[in-house]
Amino acid sequence: MLKKEAGSAELPQHIAFIMDGNGRWARKRGLPRTAGHREGARTLRRIIRDLDSMGIKFATFYAFSTENWKRSDEEVSTLMRLFEENLDDLVNYENENIRLRFIGGRERLSDTLRKKMLDAEEKSKSHTGMTVILAINYGGRDDIVRAAKRSAELISEGSLRPDDLTEERFESFLQTDGVPPVDLMVRTGGEIRISNFLIWQISYAELYFTDTLWCDFSKKDLEAAVNEFMSRSRRYGDAR
Ligand code: IPE
Ligand code: IPE
Ligand code: MG
């Protein structure tokens, strides 16, 4: 249950998830890693519903990092196939009014997946409910380099003066443009690291790490993370 006591802090507006531990979940059961990813996709759909019912407005999920190409061809192609299959399901959330967005470089993705991503964004763009952002072939450093290139282009064209490149302006070149900064970042699977996720966007996020594997992550675990978030004091450098 969410502890919404009078006077307690607000719900996080934006939660980012590092969905880690699928491989270990499968290994514990003597299954191939890909079976863990299949179960992880079910967890993702379940957690999206839970977030929506809790009233969370933005959720970003780390589905595939720029480093995950190092995995076997079999694992990478299963993951790509799962993204395609799940997009169909997620788009069918139409009644639930969920808006889908994607971050990450699309150049290395298949034509089929790219098309499904565009379709999903197109079909859900007028939805006014929760925004779900899937990070596929995403890297925080890559995001920043792309934004730096964009700034350099505008400067060399003469449409941006170096002095006008403020934090806000630079942020608008990141792939999360228009999305509020991350309030709470949750990592499942026991590792205490960021693994090149939203490195700019989490600069003032509250971090929450749990040993629970992503496949086992439940509504109760989600509520525990949100309750912990609401119990923390966010000072933003102030002396309050
Ligand atoms: C996270 O689970 C999913 C992706 C990175 C795509 P892992 O596949 O990293 O699972 P573990 O960490 O090996 O258990
Ligand atoms: C982070 O998990 C990436 C995703 C969840 C998509 P990894 O399993 O790839 O991270 P490391 O290798 O443990 O840092
Ligand atoms: Mg992992």
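Just follow the structure's listing: the first ligand is 1, and inside any ligand the first atom is 1.
Between W25 and ligand 1, no pair of N/O atoms sits closer than 3.5 Å. The shortest N or O to N or O distance between N68 and ligand 2 is under 3.5 Å. In terms of polar-atom proximity, D20 is counted as a contact of ligand 2, with an N or O under 3.5 Å from an N or O of the ligand.
Residues that satisfy the salt bridge (charged side-chain N to carboxylate O under 4.0 Å, His left out) test with K125, not counting sequence neighbours, are E122. Every residue was checked against the side-chain contact (heavy atoms from CB on, under 4.5 Å) condition with S126, not counting sequence neighbours, and none meets it.
At least one donor-acceptor pair under 3.5 Å links the side chain of S124 to the backbone N or O of L100. Formation of a donor-acceptor pair under 3.5 Å by the D216 side chain with backbone atoms of L213 is not found in this model. Judged by distance alone, with hydrogens and angles left aside, the side-chain atoms of T43 form a donor-acceptor pair with the main-chain N or O of E39 at under 3.5 Å. A donor-acceptor pair is defined here as one N or O able to donate and one able to accept, closer than 3.5 Å; such a pair exists between the side chain of W214 and the backbone of G40.
Comparing R24, E191, R71 by heavy-atom distance to atom 7 (P) of ligand 2, the nearest is R71.
If you check which protein heavy atom lies closest to atom 10 (O) of ligand 1, you get G23 N, 2.9 Å. In terms of protein heavy atoms, atom 14 (O) of ligand 2 is closest to S195 OG, 2.6 Å. Among all non-hydrogen protein atoms, the one lying nearest atom 13 (O) of ligand 1 is R33 NH2, 3.0 Å. At the shortest separation from atom 12 (O) of ligand 2 among protein heavy atoms lies R193 NH2, 4.5 Å.
Judged by the shortest distance from any of its heavy atoms, K70 lies outside the 4.0 Å radius around the atoms of ligand 2. Under the 4.0 angstrom criterion for non-hydrogen atoms, G21 is in contact with ligand 1.
At a heavy-atom cutoff of 4.0 Å, ligand 2 is contacted by the backbone of M19 but not by its side chain. If you look at F64 next to ligand 2, the close heavy atoms, those under 4.0 Å, all belong to the backbone.
Checked against the 6.0 Å centroid threshold, Y138 and F64 do not count as a close aromatic pair.
Each salt bridge (charged side-chain N to carboxylate O under 4.0 Å, His left out) pair with one or both residues in residues 52-73, not counting sequence neighbours, appears once here: R71-E75.
Exactly one of F197, F17, F217 qualifies for a ring-ring contact (aromatic ring centres under 6.0 Å, His included) with F61. That residue is F17.
Neither L198 nor F229 shares a network with the other; the hydrophobic side chains, linked directly or stepwise wherever heavy atoms of I, L, V, M, F, W or Y lie under 4.5 Å apart, form separate groups for each.
Shown here are the protein N/O/S atoms lying under 2.8 Å from the Mg ion (ligand 3), water excluded: D20 OD1.
Set against the non-hydrogen atoms of A63, the atoms of ligand 1 under 4.0 Å away are 6 (C).
A cation-pi geometry, defined here as NZ or CZ lying under 6.0 Å from the six-membered ring centre and within 45° of its normal, does not hold between R27 and W25.
Within 6.0 Å of the CD atom in E167, the count of heavy atoms belonging to other residues, nucleotides or ligands does not exceed 12.
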